[in-house]
Amino acid sequence: MVRKPATLKDVAALANVSRATAARALNSYGYVGDETAQKVQAAAEKLGYRGNRLAQALRNGQLPIVGCILGDIQNPFFARIAHDIEALARECGHNLVIGSSEEELDQEISLLSSLRSLSIRGFIVAPTSATNNAHLQSLNLENVPLVLIDRVAEDIECDHVVVDNEGGARKAAEYLIAMGHRRIGLLQDDMRIFTSRERMTGYRTALAAGGIAPDDRLIAVSQSTVEHAVDATIRLFSQKMPPTALFTVDSLMTQGALLAFRSMGISIPHDVSLIGFDDFNLATFTDPQITVVSQPVSEIGRAAARLLFDRLSGKDHPPEKILFETKLIVRGSVSRSIAG
């Protein structure tokens, strides 16, 4: 016969105290005399009473869990970041709850609301919008530790970890210009996302410095998925005067562009040159290998987690802003343009 778990009522009866007194003694709130507390603890041990430590931790706001809301965790960039944050959280004795906004603001707000209801101790967030951030501002007002990762949000004074997106995009476009390209296409995602804005700025800055007038016909907007990037690339290169080079703003779009070029019979780098922002495993398995703007993804997640756990440990200092540099890795997907 299976023995039923001991209840608080059982402990109180054995210690000959009220349930309220037993609860105070076991959960360390309110006043209970030393002798009574010892009787309750002895009764709990004898009965094997465990209590609801989860409920107690939730009441006290001490549950060792932190939350992380990223973009699309199918993206290898965010998947690696989530892995590294979880590893450091484990080292610090915490568990991690991960949510994916899928780059939808409403979903980000809903996820944050749900996680806050669990009294989670702190958050790492890759904000979907650079401007619509009242839900993040409320965390600041309530002194909930918050670290923004990969992106920043206007008027949010908190720790953040980003890379030099503008500088990385500028390097890519400058290299294409140096190789003689003047019709340089851009495959980008939603401009409300901080990284997209920054990479667009870097692209436009390089064009202006090279004396190249911007041409909106050379810019295609796509959701950050392989499937959408395929469609956007086909639209871009079905024009009468297509680009001679393409810069894609993340690895999923780079993969989509590769598939589109294959379906259209466009050869890299003979027919078009290609540079992608963010390195990815397949970039060195293609023929030719893909030139990329690399960011130190192995450092980004752990840096954000360290900032969060510094705050949780009580460190009080002005918001820390970490900016990682990017690196242009030249491989074989860019050739010199004759047509320009």
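Residue numbers run from 1 in the order of the sequence given.
Here the CE atom belonging to M264 is positioned 4.0 Å from the CD1 atom belonging to I266, to the nearest 0.5 angstrom. The CE atom of M179 lies 9.0 Å from the OG1 atom of T291; values are rounded to the nearest 0.5 Å. Note: L148 CG to C158 SG = 3.5 Å, rounded to the nearest 0.5 Å. The CG atom of L47 sits 6.0 Å away from atom CG of D10, with the distance rounded to the nearest 0.5 Å. Here the CE-CZ distance, from M191 to R199, works out to 12.5 Å after rounding to the nearest 0.5 Å. Distance check: L111 CG to I98 CD1 gives 12.0 Å after rounding to the nearest 0.5 Å.
The shortest side-chain heavy-atom distance between S294 and T326 does not fall under the 4.5 Å cut-off. In this structure, I149 and I81 have side chains that are in contact, with non-hydrogen atoms separated by less than 4.5 Å. At least one side-chain heavy atom of S273 sits less than 4.5 Å from a side-chain heavy atom of L176. Side-chain atoms of L207 and I177, non-hydrogen and from C-beta on, do get closer than 4.5 Å to each other. Using a 4.5 Å heavy-atom threshold, the side chains of V66 and V97 count as separate. Between V293 and K327 the shortest side-chain heavy-atom distance does not fall below 4.5 Å. Residues S129 and E108 are not in side-chain contact: their nearest non-hydrogen atoms beyond the backbone lie 4.5 Å or more apart. Side-chain contact check for H228 versus T225: some heavy-atom pair is nearer than 4.5 Å.
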Donor-acceptor list for residues 274-283 side chains, cut-off 3.5 Å, not counting sequence neighbours:
from, atom 1, to, atom 2, distance (Å)
D279, OD1, R331, NH1, 3.1
D279, OD2, R331, NH2, 3.0

Enumerate donor-acceptor pairs with a distance under 3.5 Å from any side-chain N or O in residues 249-262 to protein atoms, sequence neighbours excluded.
from, atom 1, to, atom 2, distance (Å)
D250, OD1, L252, N, 3.1
D250, OD1, M253, N, 2.9
D250, OD2, S224, OG, 2.4
T254, OG1, T248, OG1, 2.6
T254, OG1, D250, O, 3.0
Q255, NE2, S251, O, 3.3

Show the atom names and distances, to 0.1 Å, of all donor-acceptor pairs under 3.5 Å that link a side chain in residues 67-80 to residues at least two apart or in another chain.
from, atom 1, to, atom 2, distance (Å)
D72, OD1, Q74, N, 2.9
N75, OD1, F77, N, 2.9
R80, NE, D84, OD1, 3.1
R80, NE, D84, OD2, 2.9

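Within the 3.5 Å criterion, the main-chain N or O of C92 finds a donor-acceptor partner in the side chain of H94. Between the side chain of S313 and the backbone N or O of F309 there is at least one donor-acceptor pair closer than 3.5 Å. The main-chain N or O of V17 is never found under 3.5 Å from a side-chain atom of T21 such that the two would form a donor-acceptor pair. Looking only at distances, a side-chain donor or acceptor of Y203 sits under 3.5 Å from a matching main-chain atom of I184. A donor-acceptor pair is defined here as one N or O able to donate and one able to accept, closer than 3.5 Å; no such pair exists between the side chain of N140 and the backbone of I156. Panel note: side chain S113, backbone I109; no donor-acceptor pair is recorded below 3.5 Å. A donor-acceptor pair is defined here as one N or O able to donate and one able to accept, closer than 3.5 Å; no such pair exists between the side chain of S196 and the backbone of I193. Between the side chain of S222 and the backbone N or O of A229, at least one donor-acceptor pair lies under 3.5 Å. No side-chain donor-acceptor contact under 3.5 Å links E104 to the backbone of S101. No side-chain donor-acceptor contact under 3.5 Å links Q295 to the backbone of E325.
Side-chain contact, S335 with H270: no donor N or O sits under 3.5 Å from an acceptor N or O.
With hydrophobic clusters built from ILVMFWY side chains whose heavy atoms lie under 4.5 angstrom apart, L308 does not share a cluster with V152. Cluster membership check: V162 does not share its hydrophobic cluster with F324, using side-chain heavy-atom separations under 4.5 Å among Ile, Leu, Val, Met, Phe, Trp and Tyr. Residue F247 is grouped with residue I234 when hydrophobic side chains (ILVMFWY) are merged at heavy-atom distances under 4.5 angstrom, including chains of intermediate members. By the criterion of side-chain heavy atoms lying less than 4.5 angstrom apart, applied directly or through intervening Ile, Leu, Val, Met, Phe, Trp or Tyr residues, V297 is not grouped with L323; the two fall into different hydrophobic clusters. Linking Ile, Leu, Val, Met, Phe, Trp and Tyr residues whenever their side-chain heavy atoms come within less than 4.5 Å places I290 and V330 in a single cluster.
Applying the salt bridge (Lys or Arg N to Asp or Glu O under 4.0 Å) rule to E86 yields the partners R90; only residues at least two apart in sequence or on another chain are considered. Residues forming a side chain to side chain contact (heavy atoms under 4.5 Å, CB included) with D310 (at least two apart in sequence, or on another chain): K315.
The minimum heavy-atom distance linking D150 with F194 is given by the pair O-CD2, 4.0 Å. When every heavy atom of V11 is checked against every heavy atom of V40, the shortest pair comes out as CG1-O, 3.8 Å. Taking each heavy atom of G332 and P269 in turn, the nearest pair found is O-CG, 3.5 Å. Scanning both residues, L105 and H135, for their nearest heavy atoms gives CD1-CE1, 3.8 Å. Contact detail for N165 and E198: the closest heavy-atom pair is CB-CB, 3.5 Å. Scanning all heavy atoms of the two residues, the minimum distance from L187 to L246 falls at N-CD1, 4.0 Å.
Taking 4.0 Å as the cut-off between side-chain N and carboxylate O, R151 and E103 count as a salt-bridged pair.
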Checklist entry - Yes or no on side chain to side chain donor-acceptor pair (under 3.5 Å) for H181 and R336, after CA distance, side-chain angles and deciding distance? => result CA-CA 7 Å; H181 295 277; R336 184 167 294 279; over 6 Å; no
Check step by step if side chain to side chain contact (heavy atoms under 4.5 Å, CB included) holds for V272 and F237.
-> CA-CA 10 Å; V272 65; F237 282 82; 3.7 Å; yes
Before you tell me yes or no, could you show the steps for V161 and L307 under side chain to side chain contact (heavy atoms under 4.5 Å, CB included), namely the whole-Å CA-CA distance, both residues' side-chain angles and the distance that decides it to 0.1 Å?
CA-CA 9 Å; V161 179; L307 290 175; 3.7 Å; yes
- Message: Before you tell me yes or no, could you show the steps for R183 and D215 under side chain to side chain contact (heavy atoms under 4.5 Å, CB included), namely the whole-Å CA-CA distance, both residues' side-chain angles and the distance that decides it to 0.1 Å?
- Response: CA-CA 9 Å; R183 292 185 59 78; D215 186 345; 4.1 Å; yes
Is there a side chain to side chain contact (heavy atoms under 4.5 Å, CB included) between Q223 and D190 once you walk through the steps?
CA-CA 7 Å; Q223 291 182 34; D190 198 317; over 6 Å; no
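Screening residues 159-170 for salt bridge (charged side-chain N to carboxylate O under 4.0 Å, His left out) gives D159-R311, R170-E174 as the qualifying pairs, with residues at least two apart or on separate chains.
Summarising the local packing, CD of E35 is surrounded by 12 or fewer heavy atoms from other residues, nucleotides or ligands at distances under 6.0 Å.
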